Every structure is written in structure tokens, then in C-alpha cells.
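Remember, predicted model here, so these are calculated numbers, not experimental data. Both backbone and side-chain heavy atoms feed into the values below; hydrogens, waters and symmetry mates do not. Each chain gets a letter, A, B and so on, in the order its sequence line appears, and its residues count up from 1.
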There are 2 protein chains.
Amino acid sequence: MTADVRHDVTSHGSVSERIYLGLRQEIMHCEIAPGATLDAASIARRYEVSKTPVRDAMQKLAADGLVTILPRSGYRVAPITFQAVHEILDLRAAIGPHAARQAARYATPAEIALLRQIVSEYAAPLDIGAMQQVARRFHIAIARCSRNKRVVALSENLFDELERLLRFAIDFTVKTGEHSDEHTALVDAIEAGDGERAAAIEADHIGHSREFLIERLMTLGYLSQSEIQLGNAARSGSE
Amino acid sequence: MTADVRHDVTSHGSVSERIYLGLRQEIMHCEIAPGATLDAASIARRYEVSKTPVRDAMQKLAADGLVTILPRSGYRVAPITFQAVHEILDLRAAIGPHAARQAARYATPAEIALLRQIVSEYAAPLDIGAMQQVARRFHIAIARCSRNKRVVALSENLFDELERLLRFAIDFTVKTGEHSDEHTALVDAIEAGDGERAAAIEADHIGHSREFLIERLMTLGYLSQSEIQLGNAARSGSE
DNA sequence: ACGGTACATCTGATGTATCAATTATGCAAT
DNA sequence: ATTGCATAATTGATACATCAGATGTACCGT
């Protein structure tokens, strides 16, 4: 799910929290169109609250990179661009291997057992959404092994954003199973304490999925060269 | 300086912006003690504004990782812990080499000229603070060459945070000059388009400064094992 | 008559003042 | 000394006011 508790600090039952999670959900599921421009008043009406918690929520969403704040003008949900997909995949390519390397240093037997348990879930037949969730949990679990909370938070953020960005691109995209081997090899390397091998496997893995996704986006016509905006619908958040 | 325009969106002359920059400055310079707990009302009085823009500023500071929000209780400026230093250096170790690698792919002659120009500034005699600023500009310039805005923003953030965290640890710490060679070699590798060499040099470089800083922190007694809090003074932000 | 500029209007973000809800604190009683 | 309650202090939310920016209109120049 989108909102598995999220952030450390942000989980008290306040109004602004509710707005934040609600908007986040809508934006992530593209129920609010990418590139759409929002206004605080209509959202406040829609959620039956005042504008302040909406502003709070917008600040948090802006921190997550899901909306940009146009000063004195309005809020705009982040459009879907090839550039954004590229940047996120690029960052994952930087962080993933590093996390794997560190995981090889720090992972405890219990954590490795958890990793194996997650990998085993690939055995079951999965639809594309469920598989993404498993992959997400797997990589986040590795990030956790790196003993670096910032890496964990950053990874979660990247996964979330990527999920939204690819919402239009991944409809079927089955390609199950074959990851399972890579993942098993990765856990093996981590368990063996071989950081370089772990990093290499993860780098390969990310490289593969990067190529796959970009090719997929191209065949779907979402990008001929680069810098193509996907969503521009102007549904201003009324109902 | 701390506030070289900063962020993209955040540079209109609003009140909340003023508060944000002001508090940011104070926190970065440790004029507000790490670990101190703030209250919105006194800050609002101090800046002669109402509480709402203060809240806004706090949200942004929280997004920057400089303060944590204790729900219904208050705001706390991030304490200085060895863990934080470790995590930031670790993240830099992941991102720096990657940025260097990508810079080798994308850097234009103009950008390379800029890099050389920055390196040349090391020739002049510098105090420790000025040298840090030069180093910062150098690494940010490389990040820019990676064509990844997120990498740039993240790098800026890490440098800012690290600067604050090390404020107590770096008083004299001259060690000028010798970096210059490493940096020249790095630019050479980038210009030659040799991404792997560039990444390796940057990795080494970060590794060195990491060892240096950690050793320094230990000799200064700031960490015997780990998880040592530096600042705990309870100066609640009165005037 | 058409295009452009200046002005007025209008929308919506930003800021202030007040209120409510919640948490922290201190005192007392066991 | 510890637990419980009552009080005080502070965040979080609401309603209202203000101000800046965008849009539309009218007027002027060509």
C-alpha cells in the first residue's frame, strides 16, 4: 500500500496528517492528474476542513517531491516526465549497490532470513502490482541492513515516486519469476559478506530494470527523445 | 554562505521565507544549540510575526532534516550524533562517485573549465571555512554535471548538514593544498570521459575525508564508541 | 481595424488573531 | 517515593483580513 505508516514523525491522528495521506494517495494513484494545478480552498472544502492543514499537507507533499509550490500562485502536482524517471532510476543506481555493499557488512542472520522469506514470495503467482510491492519490500529490507536511516527513507521515496511515474506505463508487463534468481544470488552475496559482489549484482539488476523500463516507455510512445510530459489535464481539485 | 538562494521554489520575499532563512542560519551556525527545543510563540515574538509563518518555516526545516517535529509538543533542532555524521558520509560515499561517473559522460567543455577554475582557487591561502566552501562548490559543480537535479539537491543538503555537524569538530584543521592534486586528477578523468576512474578517485577522496573526520572526532573525544550526543543545551528560543 | 500597453478587477495564497484540544508539569495524597 | 489529578502551556485548527499576482478589459497608437 501507499501509506504503510510512512515517515517517522508524521503519524499522529491530526487533521493535516489525514489531508496529507489522502492527497498523497490520490496523487500516487493519479486520481489527481499529474501536472494538475490545485488550490487550497477547494481541497479544504472537499475534506471539510480549513485551509491551514491543507497548507501543511502541501508543504509535506512538496518535501516528498510530489507537488511544487508556485509562490503566490498555487500548487501543481509533479508532472510525469522522462527526466524524472531517468533521475530516479539514476539515483537508485547510485544508492542500491551501495546499500547492498553495506548490507553485506552489517546484515544479521535474522535480517538475512527476512530477505530469504521475501524472495520466497516470488514463488507464488503474482499480478504486476503485487510483484512490485514484493520488490519494494525486498529492496527496502536491504536498505535497512545498511544501518543508514537516510538511505532507507530515500529508497522509500524513490520507490513511491517511481510507482506513480510508471502508473501509465505498466499495465500488464508480466515478466515474473526470472528476478527470483538474481535476488537469491544477491542474498547469497550479502550472507557471504561479499560486498563487491552484492553491489555488482544490484547494479546489474537496476541496470536491467532501467533498460527494460525505458524501452517499454519508448515502445509505448511515451518518449521519442526525452523530456516528454505525460499528464497535463487541468482537473483543478474540485469534485 | 549558508543561504545562496537555496531551493528553486523558495525565494520570494515572503515572511515565512525570511523566518526560514533566519532560523536556518541560526541552526546551521549552532547559534541555536543542537538538541534545543523551540516553541513557535517565542520565535514569532522574536521575529515580530504571527505563528503561521513560523510553522511554515518549521515544516521546511523539518523537510531539510534540521528539526524534528514532536506532535502537539514542540520542535527540536536535530541533535549532533555520530550516527548522523556516519550516515551523511555514507550517503556521500554512495552519491559522490556516481555523480563523478555521470559527469564523465555528460560534462561539457564549459563545465570542465568551471571545475578547473574552482580547483585553481585552492592555490590561494585559505582558512578552513573558505576551503570548505570551495570544496562544496567543487563537488556541487560535479553533481550538476550529472544532469540529475535530485543528485544536486541531495548533495547540497548533505553538505549543509555536514557543515553544521562538524562545526564543533573543525576549529583549526588546516590540511590545505594536498587535496588539489586529487581534484585535478578527478577533473582530468572527467574530461577524458573515464567514468570508472573518476568514480574511483571520488570514492577514494571521500574515503580519506571520512577517515580523517572520524579520527578527528575521536581524538577530540566526541565519540568513544558511537551514538554520542553532542548538544543538549536546553536554550528554548527566547530572545 | 488590429495589436499592444496600461489599468482595473478578481482570484487565491499568505498572514493575523482567536479558539480548541492535547500534552506536559507540578502538586498533593496515598 | 510513586501515582493520580488538576492546572498551565503550547501546538494545531478555524475564521477573518490582507496582499500579490493573474486575468480580463478598455484605451491608445499605429
Side-chain angles (χ1 to χ4, degrees), chain A residues 6-24 27 32 35-63 66-78 232 234-239, chain B residues 6-24 27 32 35-63 66-78 232 234-239:
Chain A
R6 290 290 306 165
H7 288 318
D8 21 337
V9 54
T10 321
S11 53
H12 55 294
S14 70
V15 179
S16 92
E17 168 82 358
R18 211 182 68 226
I19 310 299
Y20 168 68
L21 291 176
L23 285 177
R24 187 184 169 78
I27 292 173
I32 298 177
T37 159
L38 308 176
D39 75 289
S42 60
I43 292 173
R45 269 195 303 278
R46 203 148 66 79
Y47 280 88
E48 296 181 303
V49 293
S50 111
K51 291 194 303 187
T52 304
V54 176
R55 271 176 44 131
D56 270 11
M58 288 299 186
Q59 290 278 357
K60 287 182 204 147
L61 291 168
L66 287 177
V67 310
T68 62
I69 298 179
L70 314 174
R72 299 274 181 194
S73 172
Y75 310 95
R76 173 171 308 244
V77 327
N232 255 337
R235 176 199 171 204
S236 182
S238 44
E239 68 287 315
Chain B
R6 290 287 307 163
H7 288 319
D8 22 339
V9 54
T10 321
S11 54
H12 54 294
S14 69
V15 179
S16 93
E17 169 81 358
R18 212 182 66 227
I19 312 297
Y20 168 68
L21 291 176
L23 285 178
R24 187 186 169 78
I27 292 174
I32 299 177
T37 160
L38 308 176
D39 76 290
S42 61
I43 292 173
R45 266 195 306 277
R46 202 148 67 78
Y47 280 88
E48 295 180 306
V49 292
S50 102
K51 292 189 311 183
T52 306
V54 175
R55 271 177 47 121
D56 259 12
M58 289 299 187
Q59 290 278 357
K60 287 181 202 147
L61 290 168
L66 287 176
V67 311
T68 62
I69 299 178
L70 315 173
R72 295 273 178 196
S73 171
Y75 310 95
R76 174 172 309 249
V77 328
N232 254 335
R235 174 196 173 209
S236 182
S238 40
E239 78 299 314

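Rotation axes derived from the C1' atoms of the five outermost pairs at either end of the helix from dA1(C)-dT30(D) to dT30(C)-dA1(D) lie 20° apart, to the nearest 10°.
Residues satisfying the side chain to side chain contact (heavy atoms under 4.5 Å, CB included) test with R45(A), not counting sequence neighbours, are A41(A), S42(A). Residues meeting the side-chain hydrogen bond (donor to acceptor under 3.5 Å, both in side chains) test with S14(A), sequence neighbours left out: H12(A). Applying the side chain to side chain contact (heavy atoms under 4.5 Å, CB included) test to A62(B) and every residue at least two apart in sequence or in another chain returns V67(B), I69(B). Evaluation of the side chain to side chain contact (heavy atoms under 4.5 Å, CB included) rule for S50(A) yields T52(A), P53(A) as partners, not counting sequence neighbours. Here A78(B) pairs with R164(B) under the side chain to side chain contact (heavy atoms under 4.5 Å, CB included) rule; sequence neighbours left out.
Each of D56(A), V49(A), L61(A) was scored for a side chain to side chain contact (heavy atoms under 4.5 Å, CB included) with I19(A), with one residue passing: V49(A).
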Practice prompt. List the steps and the verdict of side chain to side chain contact (heavy atoms under 4.5 Å, CB included) for R55(B) and Y75(B).
Written response: CA-CA 10 Å; R55(B) 271 177 47 121; Y75(B) 310 95; 3.5 Å; yes

Discussion item. Applying side chain to side chain contact (heavy atoms under 4.5 Å, CB included) to I43(A) and K51(A), what does each step give before you reach the verdict?
Written reply: CA-CA 8 Å; I43(A) 292 173; K51(A) 291 194 303 187; over 6 Å; no

Worksheet item: Does the pair L70(A) and R76(A) meet the rule for a side chain to side chain contact (heavy atoms under 4.5 Å, CB included), with working shown?
Response: CA-CA 7 Å; L70(A) 314 174; R76(A) 173 171 308 244; 4.0 Å; yes

Discussion item. Evaluate V15(A) against Y47(A) for side chain to side chain contact (heavy atoms under 4.5 Å, CB included), listing each step before the verdict.
Written reply: CA-CA 10 Å; V15(A) 179; Y47(A) 280 88; over 6 Å; no

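Read 5' to 3', the first and last nucleotides of DNA chain C with an atom closer than 4.0 Å to a heavy atom of chain A are dA13(C) to dT14(C).
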Worksheet item: If the sugar-phosphate is the primed atoms plus P, OP1 and OP2 and the base is the rest, what is the B/S/- string for nucleotides 5-16 of chain D, using protein heavy atoms under 4.0 Å?
Response: ------BBSB--

